[in-house]
Amino acid sequence: MKRCLHGCTGRPRPDLVTRVFRRTGSQVEVILDNIPAEVCSVCGRAFFSREIARGIDEVLFPFHGKHTTIPNLPPAKVIVDFAVAQRKAAA
């Protein structure tokens, strides 16, 4: 069974988390709900698989752009259900 990091005695368990993503220079705040993660039962730290991390990048790309370019979008707060976005991307 996996252990948490940095001396924490917790053991991560599957759960769904919500995270807020902001990028310096962008006026768009993206809130992703229902992201599958392994969450430590003691410290609450969330761990994402590589597949999920790639999926997060794909969802954020239209709002935050590439590393060198930020899309010129008006100020906005966008809420995305990650599970639904993943199903649509797979279809």
>> Let's go through Phe48 and Val17 carefully: what are the C-alpha distance in whole Å and the side-chain angles of both, what is the deciding distance for side-chain contact (heavy atoms from CB on, under 4.5 Å) to 0.1 Å, and is it a yes or a no?
In response: CA-CA 10 Å; Phe48 303 112; Val17 298; 3.8 Å; yes
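- Atom OG1 of Thr18 and atom CG of Asp81 lie 9.0 Å apart (nearest 0.5 Å).
- For CG of Asn72, the number of neighbouring non-hydrogen atoms (other residues, nucleotides, ligands) closer than 6.0 Å is 12 at most.
- Hydrophobic clustering (side-chain heavy atoms under 4.5 Å, transitive across Ile, Leu, Val, Met, Phe, Trp, Tyr) keeps Val78 apart from Phe61.
- To the nearest 0.5 Å, the span separating SG on Cys4 from CZ on Arg11 amounts to 11.0 Å.
- Between Val42 and Gly10, the closest heavy-atom pair is CG2-CA, 3.4 Å.
- Atoms CZ and SG, on Phe47 and Cys40 in that order, are 6.5 Å from each other to the nearest 0.5 Å.
- Side-chain contact between Leu32 and Ile56: present, with at least one pair of heavy atoms (C-beta onward) separated by less than 4.5 Å.
- Note on Ile70 and Val30: separate hydrophobic clusters, where clusters join Ile, Leu, Val, Met, Phe, Trp and Tyr whose side-chain heavy atoms are under 4.5 Å apart, directly or indirectly.
- Contact record, Pro75 with Gln27: CG-OE1, 2.9 Å, taken as the closest heavy-atom pair.
- Rounding to the nearest 0.5 Å gives a distance of 8.0 Å between CD1 of Ile31 and CZ of Arg22.
- Judged by distance alone, with hydrogens and angles left aside, the side-chain atoms of Arg23 form a donor-acceptor pair with the main-chain N or O of His64 at under 3.5 Å.
- Glu38 is listed as a side-chain neighbour of Pro14, based on a closest heavy-atom distance under 4.5 Å.
- With sequence neighbours left out, Glu58 forms a salt bridge (charged side-chain N to carboxylate O under 4.0 Å, His left out) with no residue at all.
- Atom CD1 of Ile79 is separated from atom CG of Asp33 by 6.5 Å, given to the nearest 0.5 angstrom.
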Name the atoms and distances for all side-chain donor-acceptor pairs under 3.5 Å in residues 83-90, with sequence neighbours left out.
none

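- A distance of 12.5 Å separates CZ of Arg19 from CZ of Phe82, quoted to the nearest 0.5 Å.
- Across all non-hydrogen atoms, the minimal contact from Val39 to Gly44 is CG1-O, 3.8 Å.
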